[in-house]
Amino acid sequence: MAERPVHEHIRELSDSLTALSEIVLRNFLLAIDVLQSLDKGKARQVKNADREIDEAEIQLESQCLSFLALQQPVAKDFRTIVAIMKINDNLERIGDLSVHIVERLPEIGSGLQRTYDFDSMGVKVGEMVRKAVDAFACKDEALARQINELEEEIDLMHRLIFKKAMASMKEPSADIDQLIAVLSISRYLERIADHATKIANEVVYLVTGVKSREKDSAYDKLLSSLVN
């Protein structure tokens, strides 16, 4: 590895990260489609793709560690490798959460999934992931900072779903198991948005050298509002 220029290694690692992000985003959007179609075949595709994501994440992390062990990168190159490793980890977690979404499939009925607008929420979360990855590829600080605005929209959708589901639980005919699944799916989507924001924050740090302060999650805020 030491015989090749450092910038070639970094470009190769960045390209691997971009390829992984495409798989993760495609699998997430398929999981959102499953929520609408309740297609068990597509649900299996999501689970199968997650194994590929896990393997790619492990391989990329290993390559990054090898680079750090065999090279002596300057500060900017070191920041780039660390950012790649952190983004890699966030992408793997998005992959896991996509699987968690489809695992709730048996608990969601066709009537209930139409009541909660997971499709719109999923599209916006997918947009966040796409923009975060594009921001890394282009080293675009301005694009990365746009993610925070989208996160606020997801926070609002999450709060509305949470409150609507909680209100429905009070009805005598409520199917509590299905409503718990609704809360879980909303929470998974909100967490994916959180990971997209973390990716964007890594981009800001990579470009500026300044760490962004991460906000409390919408879930924590919502629980706090219910208690206080």
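For this chain, numbers begin at 1 and follow the sequence in order.
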Residues two or more places apart in sequence or in another chain: which of them pass salt bridge (charged side-chain N to carboxylate O under 4.0 Å, His left out) with [X]?
| X | result |
| --- | --- |
| Lys47 | none |
| Glu52 | none |
| Arg191 | none |
| Asp54 | none |

- Query: Can you pull the ring-ring contact (aromatic ring centres under 6.0 Å, His included) pairs that have at least one residue in residues 30-64, sequence neighbours excluded?
  - Reply: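 Sorted result for residues 30-64: empty, none.
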- Got a salt bridge between Arg145 and Glu141, using NZ or NE/NH1/NH2 to carboxylate O under 4.0 Å? yes
Any residue meeting side-chain hydrogen bond (donor to acceptor under 3.5 Å, both in side chains) with [X], in chain and number order, not counting sequence neighbours:
| X | result |
| --- | --- |
| Lys40 | none |
| Ser120 | Asp117 |
| Glu61 | none |
| Arg44 | none |

- Query: Do the non-hydrogen side-chain atoms of Asp119 and Leu35 ever get within less than 4.5 Å of each other?
  - Reply: no
- Message: Give me the atom names and distance for the closest heavy-atom approach of Met128 to Leu150.
- Response: CG-CB, 3.5 Å
- Task: Give every residue pair that meets the side chain to side chain donor-acceptor pair (under 3.5 Å) criterion with at least one member in residues 14-23, sequence neighbours excluded.
- Result: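 Every side chain to side chain donor-acceptor pair (under 3.5 Å) pair that includes a residue of residues 14-23, provided the two are not neighbours, is Glu22-Arg130.
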- Item | Qualifying salt bridge (Lys or Arg N to Asp or Glu O under 4.0 Å) pairs, either residue in residues 65-84, two or more places apart |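 Salt bridge (Lys or Arg N to Asp or Glu O under 4.0 Å) check on residues 65-84 returns no pairs.
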Would you list the atom pairs, donor with acceptor, under 3.5 Å between side chains in residues 89-106 and any protein atom, with sequence neighbours excluded?
from   : atom 1 : to     : atom 2 : distance (Å)
Asp89  : OD2    : Arg93  : NE     : 3.0
Asn90  : OD1    : His195 : ND1    : 2.7
Asn90  : ND2    : Lys86  : O      : 2.9
Ser98  : OG     : Ile94  : O      : 3.0
His100 : ND1    : Glu103 : OE1    : 3.4
Arg104 : NH1    : Glu107 : OE1    : 3.0
Arg104 : NH1    : Glu107 : OE2    : 3.2
Arg104 : NH2    : Ser184 : OG     : 2.9

- Query: Just how far is it from atom CZ of Phe28 to atom CG of Leu189, taken to the nearest 0.5 Å?
  - Reply: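 Interatomic distance, Phe28 CZ to Leu189 CG, rounded to 0.5 Å: 5.5 Å.
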